[in-house]
Amino acid sequence: MVDGSPAPERDEPEDGVVRAMTLVLRLERDAPARTAVLESAADAALALCLDERAGPDGPWFDAVAAWADAGRIRKLARRARTSHWRAVQEIDGVTLGAEGAEVRALVPGPVDEVPHEVRRLQIGGTELPLDEPDPPPAGAPVIWLNPGVEQTLGKAAAQVGHASMILGTVLAAAGDDPSGALHAAVRTASRDDWARWAGSLDADTSGRAAWEEHGIAPVRDAGFTEVAPGTVTCLGARASSAP
């Protein structure tokens with residue numbers, strides 16, 4: 001379900017049904033590193049879209065297509081541990097990530113029809129302290145977080161999930177393999193780099209110049225939670241070196 005098609009411009013679904021992909025973050029009492037969870041969220045969101053079950057002949061196709069074509073692509077992050085985490089493994093979706101920092105992306109659906117096992121999971125209050133990861137691996141895609149925007153863990157997880165999907169879509173549109181956006185590192189950009197990239201985005205709001213010059217694709221938030229509409233929360237980059 002990641003192809004070269006442009007994102008829809010509608011703000012709301014035509015049928016009035018609000019749909020979302022739920023990202024379930026595994027947060028046991030022995031909490032994982034924040035960055036590891038965000039990297040798992042980015043991977044799981046894109047992996048579900050690339051899964052053969054989300055393809056035209058797959059059982060998830062209609063659900064994923066209805067969500068992706070609904071206007072704003074929404075994601076909701078919830079947290080789980082122990083038996084609650086095990087329970088959501090029985091719900092259609094994809095789990096990825098290092099042991100203890102896994103994220104399960106669930107097949108999207110109407111927000112008022114989530115299974116009981118998901119509905120009981122907490123949304124708010126999901127937080128982990130900032131960590132200081134090593135520089136991203138050479139040659140890996142990177143999702144750069146905006147250094148000037150504070151985001152809760154749940155909000156950031158949704159945003160990096162958007163970023164991996166957008167990066168996969170842009171790669172596909174360029175004739176490349178969208179799976180090249182998998183296994184992205186997540187890092188906070190330096191203020192100098194961010195200012196330079198923001199300049200390219202301001203000069204050409206279509207994002208074409210930023211992609212051609214720097215290999216970056218922006219995530220512009222709809223403004224439903226935490227940040228103002230149009231805020232660029234993060235950037236998906238096709239290479240690990242700062243453009």
Side-chain angles (χ1 to χ4, degrees), residues 1-2 17-54 58-60 63-64 66-68 70 72-129 131 143 145 151-166 168 181-184 186 219 221-222 224-226 233-234:
M1 290 303 300
V2 172
V17 178
V18 177
R19 296 174 173 85
M21 172 190 283
T22 297
L23 298 174
V24 183
L25 318 182
R26 185 180 186 184
L27 300 181
E28 303 289 350
R29 293 188 184 278
D30 185 12
R34 191 177 199 268
T35 295
V37 173
L38 294 180
E39 291 176 343
S40 297
D43 258 6
L46 177 57
L48 188 147
C49 296
L50 295 177
D51 194 288
E52 62 181 11
R53 290 168 289 183
W60 300 349
V64 177
W67 166 70
R72 299 291 185 184
I73 297 179
R74 292 173 168 87
K75 294 185 179 71
L76 293 175
R78 297 175 183 261
R79 63 181 181 182
R81 67 186 185 209
T82 60
S83 61
H84 289 181
W85 171 253
R86 293 191 295 272
V88 297
Q89 304 309 304
E90 303 303 317
I91 301 171
D92 285 346
V94 174
T95 298
L96 285 178
E99 177 67 28
E102 299 102 317
V103 171
R104 185 165 183 82
L106 303 181
V107 173
V111 295
D112 57 356
E113 297 179 10
V114 297
H116 169 72
E117 293 86 354
V118 177
R119 189 167 58 250
R120 68 185 180 180
L121 301 178
Q122 186 170 342
I123 298 177
T126 300
E127 197 49 82
L128 291 172
D131 56 327
I143 297 171
L145 296 170
Q151 302 178 68
T152 62
L153 176 66
K155 178 70 172 181
Q159 297 304 294
V160 299
H162 295 337
S164 65
M165 288 176 57
I166 290 172
L182 288 170
H183 310 304
V186 176
V219 175
D221 194 72
F224 294 122
T225 60
E226 296 193 24
T233 54
C234 54

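Just so it is clear, the structure is predicted and the values come from calculations on it, not from any experiment. We count residues from 1, following the sequence as given.
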For Ala80, give me all partners under side chain to side chain contact (heavy atoms under 4.5 Å, CB included), at least two apart in sequence or on another chain. Val24, His84, Trp85, Leu121
Exercise: identify the closest heavy-atom pair between Ala54 and Cys49: CB-O, 3.9 Å
Rounded to the nearest 0.5 Å, what separation is found between the CD atom of Glu39 and the CG atom of Leu96? 12.5 Å
Rounded distance (nearest 0.5 Å) linking atom CZ of Arg119 with atom NE2 of His116: 7.0 Å
Which residues pass the salt bridge (Lys or Arg N to Asp or Glu O under 4.0 Å) test with Lys75, sequence neighbours left out? none
For Glu102, salt bridge (Lys or Arg N to Asp or Glu O under 4.0 Å) partners two or more places apart: Arg26
At what distance, to the nearest 0.5 angstrom, does CZ of Arg78 lie from CG of Leu27? 14.0 Å
Please list all pairs passing the salt bridge (Lys or Arg N to Asp or Glu O under 4.0 Å) test where one or both residues lie in residues 88-97, with sequence neighbours left out. none
What closest approach, in Å, do Val103 and Ala41 show between heavy atoms, and which atom pair accounts for it? CG2-N, 3.7 Å
Kindly compute the distance separating CD (Glu117) from CZ (Arg86), expressed to the nearest 0.5 Å. 13.5 Å
Taking only residues two or more places apart in sequence, or in another chain, which ones meet Asp30 in a side chain to side chain donor-acceptor pair (under 3.5 Å)? none
Straight-line distance of Ile91 CD1 to Thr22 OG1, nearest 0.5 Å: 8.5 Å
Do side-chain atoms of Trp67 reach the backbone of Val107 as a donor and acceptor pair under 3.5 angstrom? no
Set of residues satisfying side chain to side chain donor-acceptor pair (under 3.5 Å) with respect to Arg53, sequence neighbours excluded: Asp51
For the student: nearest non-hydrogen atoms of Ala157 and Ala77, plus distance: CB-CB, 4.5 Å
Polar side-chain atom of Glu226 near backbone of Thr152 as donor-acceptor pair, under 3.5 Å: yes
Taking every heavy atom of Ala156 against every heavy atom of Gln151, the minimum-distance pair comes out as CA-OE1, 3.8 Å
Who pairs with Arg34 by side chain to side chain donor-acceptor pair (under 3.5 Å), at least two apart in sequence or on another chain? Glu127
Ala36: what forms a side chain to side chain contact (heavy atoms under 4.5 Å, CB included) with it, not counting sequence neighbours? Ala33, Ala101
In chain order, what residues pass the side chain to side chain contact (heavy atoms under 4.5 Å, CB included) check against Leu76, with sequence neighbours excluded? Ala20, Val111
Rounded to the nearest 0.5 angstrom, the CG-OG distance for Leu48 and Ser164 is 10.5 Å
Treating Glu28 as the side-chain partner and Thr82 as the backbone partner, does any N or O pair qualify as donor plus acceptor under 3.5 Å? yes
Those residues at least two apart in sequence (or on a different chain) that pass side chain to side chain donor-acceptor pair (under 3.5 Å) with Thr95 are Gln89, Arg104
Applying salt bridge (Lys or Arg N to Asp or Glu O under 4.0 Å) to Asp43 and not counting sequence neighbours gives none
Name all residues meeting the salt bridge (Lys or Arg N to Asp or Glu O under 4.0 Å) criterion together with Glu113; count only those two or more places apart in sequence or in a different chain, and write none if there are none. none
Looking only at side-chain N and O atoms, does Asp221 offer a donor or acceptor that is under 3.5 Å from a partner on Thr233? no
Of the options Thr35, Leu38, Val219, which is the one that meets Leu145 in a side chain to side chain contact (heavy atoms under 4.5 Å, CB included)? Leu38
